[in-house]
Every structure is written in C-alpha cells, then in structure tokens.
Amino acid sequence: MHFHLPKPLHGWREFAGEVGIIVVGVLIALAAEQVVEKMRWRSDVAEARESLNADLAEAKVSSLQMAILSHCRERKLDRIDAILNGSKLPAKMNTRVIGFQPWMTSSWEAATASGAVAHMSASERVLYTTAFGFLRSLGDLHMK
C-alpha cells in the first residue's frame with residue numbers, strides 16, 4: 001500500500017485560500033442551522049396558536065352557557081332557601097345546582113413555558129396575554 005502525504009502549503013496565498021474555504025463552509029452550516037431553527041419555531045408557534053385559540057373558543061362557549069344558566073341557578077337557590085327557611089321540609093329534595101366550569105389556561109402556560117409566545121409578534125403576544133389574564137381573573141372571582 002502506498003500513502004500520499006499532504007504537501008506543505010507554499011505561502012500566505014495558499015494558506016488564505018484554505019482558511020477561506022473552511023470559513024465559507026462554516027458560514028453555510030450556520031446559515032442552514034438558522035433556517036432550520038426558524039422553521040421549527042414557526043411550526044411550534046402555529047401549534048401553540050391553534051391550542052390557544054381552541055381554549056379561548058371553549059371559554060367563550062362556557063361563558064355563554066353560564067350566562068344562559070345563571071337565571072336557572074338563581075331560581076334553584078331561591079327554592080332551596082325557601083325550603084330551608086320553611087317549617088315543612090319535603091320528603092325528597094333535589095339540591096343539585098349547576099356548578100361553575102373553570103376556564104382552561106393550560107395551553108397558555110404550556111405556550112409560555114415552551115417559548116412559543118416569545119416568538120409571536122408583539123401585538124399577538126399582547127392579545128393572548130390580555131385574553132388569558134382576563135380568563136384567570138374571572139376564574140379567581142368565581143372560586144371565591
């Protein structure tokens with residue numbers, strides 16, 4: 001077997017050419033990595049946005065249900081109060097009252113923890129922060 005040893009460089013011009021080739025290769029690799037990273041974040045943000053929108057839609061439906069059922073809940077509580085304050089208790093009393101269904105904010109917590117929110121536009125970030133802050137406040141009010 002015959003081995004060919006590399007020839008030594010002859011001068012600064014050859015050395016600069018070799019270093020230039022290495023530098024260009026590294027720059028191409030770094031640029032490709034940045035493109036892949038940007039594509040990954042774009043995908044993560046789209047997934048987070050979909051989850052956030054689903055939670056907001058569910059909160060809207062839940063809020064509408066609560067508004068519709070609030071009158072029914074008040075009547076039921078008044079009836080229970082009248083029965084308890086009266087002297088004659090019925091043999092069987094239905095005390096089931098429609099409860100509060102808390103709004104989901106787990107997608108917001110997951111999106112902020114993953115960093116997806118930080119990669120959204122500033123205006124979109126403000127809108128989601130406001131919406132989920134409002135949901136958290138409403139949930140806190142109902143739990144008291």
Please collect all salt bridge (Lys or Arg N to Asp or Glu O under 4.0 Å) contacts where either partner lies in residues 20-29, sequence neighbours excluded, each pair once.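 Found none.
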
Sequence neighbours excluded, every pair satisfying salt bridge (Lys or Arg N to Asp or Glu O under 4.0 Å) that has a member inside residues 60-70: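 Sorted result for residues 60-70: empty, none.
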
Connecting only ILVMFWY residues whose side-chain heavy atoms lie within less than 4.5 Å of each other, what is the rest of Val126's hydrophobic cluster? none

Residues sharing Val24's hydrophobic cluster, by side-chain heavy-atom contacts under 4.5 Å among ILVMFWY, directly or via others? Ile28

List in chain and number order the residues that pass side chain to side chain contact (heavy atoms under 4.5 Å, CB included) with Ser43, two or more places apart in sequence or in another chain; answer none if no residue qualifies. none

Any residue meeting side chain to side chain contact (heavy atoms under 4.5 Å, CB included) with Ser106, in chain and number order, not counting sequence neighbours: Asp55, Met104

What distance do [X] atom [atom1] and [Y] atom [atom2] have between them, rounded to the nearest 0.5 Å?
X: Leu52; Y: Glu124; atom1: CG; atom2: CD; answer: 8.5 Å
X: Glu18; Y: Glu14; atom1: CD; atom2: CD; answer: 7.5 Å
X: Thr105; Y: Leu56; atom1: OG1; atom2: CG; answer: 10.5 Å

Honestly curious: do Leu30 and Val23 fall in one hydrophobic cluster under the side-chain, below-4.5 Å linking rule?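 No, it is not one cluster - the side chains of Leu30 and Val23 are not joined through contacts under 4.5 Å.
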
May I ask you to test the Trp108-Thr112 pair for a side-chain heavy-atom distance under 4.5 Å? yes

Sorted by chain and residue number, the salt bridge (Lys or Arg N to Asp or Glu O under 4.0 Å) partners of Glu50 (sequence neighbours excluded) come out as none

Who are the side chain to side chain donor-acceptor pair (under 3.5 Å) partners of [X], not counting sequence neighbours?
X: Glu33; value: none
X: Glu47; value: none
X: Arg125; value: none
X: Ser51; value: none

Parallel, tilted or perpendicular: which describes the rings of Tyr128 and Phe132, with under 30° parallel and over 60° perpendicular? tilted

Could you note down all residue pairs passing ring pair (Phe, Tyr, Trp, His ring centres under 6.0 Å) where residues 38-65 supplies at least one of them, sequence neighbours left out? Trp41-His119

